[in-house]
Amino acid sequence: MPELPEVETVCRGLEGPLVGQQLTKVTQRRDKLRWPLPDNFAQRLQGRTIQRLYRRAKYILADLDDGWVWMTHLGMSGRMFIHDGLAPDPGKHDHVLLETDGGHTVVYQDHRRFGMMDLVPADALYKHRLLQDLGPEPLGNEFNGVVLSDALQGRRTPIKSALLDQKIVAGLGNIYVCEALFHTGISPRRLAASVAGKRAERLVPAIRDVLTKAIAKGGSTLRDYVQASGELGYFQHEFTVYGREGEPCIRCGQPIKRLVQAGRSTFFCAKCQR
DNA sequence: CGCGCTCCCTGGCCGC
DNA sequence: TGCGGCCAGGGAGCGC
């Protein structure tokens with residue numbers, strides 16, 4: 001489901017119901033999502049107060065009052081629902097339920113179960129195997145043309161694949177990579193190494209721009225995604241290439257093409273992107 | 001080491 | 001309506 005803008009939106013939506021609240025009851029209805037949940041997961045979360053909620057790449061992180069961090073990745077289909085009071089009877093894909101002393105219930109639902117949750121000591125958070133190799137946050141100060149250019153230097157993979165690599169820049173997924181490449185006029189097939197330099201300088205503001213605009217619209221809703229509030233995202237109406245195979249390019253009118261790179265669909269305009 | 005492919009799951013949709 | 005095939009926003013792990 002979710003790339004950076006969707007995860008950011010979910011994270012913001014969870015702040016009200018969770019931050020400063022104690023988890024009075026935590027229910028775990030499965031042993032594993034993508035991987036096994038940690039031992040005694042629900043027991044260890046129950047009774048804790050959430051002090052801060054934030055995002056790194058596509059991970060939602062919650063500082064607890066006992067020095068541990070609750071870590072969640074939504075995978076492809078993970079969703080967070082907020083209910084006033086108790087949740088209705090859980091469905092078969094509702095895997096974790098959290099009741100707070102503020103009177104809300106947050107339900108984690110994930111029908112494909114590609115998501116994950118873990119508990120990590122705060123002082124070693126970024127040593128977690130899933131966080132330790134992440135590249136810079138694309139909306140942060142540490143991401144700029146020089147940094148991106150250096151990361152692409154010498155890479156023989158297509159730029160599309162390189163931008164999906166979370167070690168190069170963290171948080172982009174299939175949609176926003178396609179969109180950013182279109183806005184920059186760079187072919188997804190171009191080797192990453194040839195984007196180093198001037199093209200990398202142009203890519204950085206395009207990536208920032210598309211992510212910022214998507215966050216402002218509450219992310220993109222294709223199939224599953226809804227904000228924690230239950231609202232849909234609206235950025236999908238602004239897609240220029242993603243999911244538009246055969247439809248006219250908004251710039252030149254040529255039909256948008258689809259190709260498969262590293263097993264994922266890429267959408268692009270063969271005329272505007274070189 | 002760096003790359004692409006397969007696989008982990010379920011469900012929606014399309015064509016027959 | 002049913003069924004098979006294909007597709008899906010992620011990304012670890014493996015083989016080359």
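Sequence lines set the chain letters: A, B, ... in the order given, protein chains first and strands last, and positions in each chain run from 1.
Listed for the Gln46(A) side chain is a donor-acceptor partner under 3.5 Å among the backbone atoms of Val26(A). In this structure, Arg208(A) contributes its side chain and Gly140(A) its backbone to a donor-acceptor pair below 3.5 Å.
Straight-line distance from the CG atom of Leu134(A) to the P atom of dG10(C): 14 Å, rounded to whole Å. Distance CD1 (Ile159(A)) to C1' (dG4(B)): 17 Å, rounded to an integer number of Å. In this structure, the CG atom of Leu33(A) is 22 Å from the P atom of dC7(B), given to the nearest Å. Distance Arg189(A) CZ to dG4(B) P: 14 Å, rounded to the nearest Å. Atom pair Gln236(A):CD and dA8(C):P shows a separation of 17 Å (rounding to whole Å applied). Rounded to whole Å, atom P of dC9(B) lies 19 Å from atom CG of Leu74(A). Asp165(A) places its CG atom 13 Å from the C1' atom of dC1(B), with the value rounded to the nearest Å. Distance, Tyr59(A) OH to dG10(C) C1': 9 Å, rounded to whole Å.
Distances shown here put a side-chain N or O of Lys92(A) below 4.0 Å from the OP1 or OP2 atom of dG11(B). For dC3(B), one of the phosphate oxygens OP1 or OP2 lies less than 4.0 angstrom from a side-chain nitrogen or oxygen of Arg155(A). Contact between the side-chain N/O atoms of Lys58(A) and the OP1/OP2 oxygens of dG11(C) is found at a separation under 4.0 Å. One finds a side-chain N or O of Gln166(A) lying less than 4.0 angstrom from the OP1 or OP2 phosphate oxygen of dG11(C). Dashed line: the shortest gap from a side-chain N or O of Ser77(A) to OP1 or OP2 of dA8(C) is not under 4.0 Å. The phosphate of dG10(C) (OP1 or OP2) has no side-chain N or O of His73(A) nearer than 4.0 angstrom.
Nearest heavy atom pair, residue Met116(A) against residue Tyr59(A), reads SD-CE2, 4.2 Å.
In this structure, of dC9(B), dG11(B), dG10(C), it is dG11(B) that holds the atom nearest to the side chain of His111(A). Considering only side-chain atoms of Arg258(A), the nucleotide from dA8(C), dG11(B), dA12(C) that sits closest is dA8(C). Closest approach to the His93(A) side chain among dG4(B), dT10(B), dA12(C) is made by dT10(B) (side chain taken as heavy atoms from C-beta onward). Among dC3(B), dT10(B), dG10(C), the nucleotide with an atom closest to any side-chain atom of Pro2(A) is dG10(C).
Checked for salt-bridge contact, Asp165(A) and Arg155(A) meet the test: a charged N lies under 4.0 Å from a carboxylate O. Taking a cutoff of 4.0 Å between a charged side-chain nitrogen and a carboxylate oxygen, Glu245(A) and Lys257(A) do not qualify as a salt bridge. Taking the charged nitrogens against the carboxylate oxygens, Arg55(A) and Glu137(A) do have a contact shorter than 4.0 Å, which makes a salt bridge. Comment: Asp133(A) does not engage Lys167(A) in a salt bridge, judged by the lack of any side-chain N to carboxylate O separation of less than 4.0 angstrom.
With values rounded to the nearest 0.5 angstrom, Ser149(A) atom OG is found 11.5 Å from Arg199(A) atom CZ.
In this structure, Tyr176(A) and Phe235(A) have tilted ring planes: the angle between them lies in the 30° to 60° band.
Taking the ring axis of Trp35(A) as reference, the NZ or CZ atom of Arg129(A) stays within 45° of it and closer than 6.0 Å to the ring centre.
For dC3(C) and dC9(B), the P atoms lie 24 Å apart once the distance is rounded to whole Å.
Residue Arg34(A) is classed as a base contact, given a heavy-atom separation below 4.0 Å to a base. Contacts of Leu164(A) with the nucleic acid, taken as non-hydrogen atoms under 4.0 Å apart, are absent.
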Considering only nitrogen or oxygen atoms on both sides, find all protein atoms under 3.5 Å from nucleotides 13-16 of chain C and state each distance.
none

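Pairing for dG13(C) is with dC5(B), a Watson-Crick or G-U wobble pair whose two hydrogen-bonding atom distances lie under 3.5 Å.
With DNA chain B read from its 5' end, the first of the two nearest nucleotides for Arg156(A) and Phe114(A) is the one closest to Arg156(A).
For the segment residues 260-270 of chain A, residues with any heavy atom less than 4.0 angstrom from an atom of DNA chain C are, sorted by number, Arg264(A), Ser265(A).
Heavy-atom contacts from other residues, nucleotides or ligands closer than 6.0 Å to CZ of Arg156(A) number 12 or fewer.
A donor-acceptor contact under 3.5 Å is formed by the side chain of Arg112(A) with the base of dC9(B).
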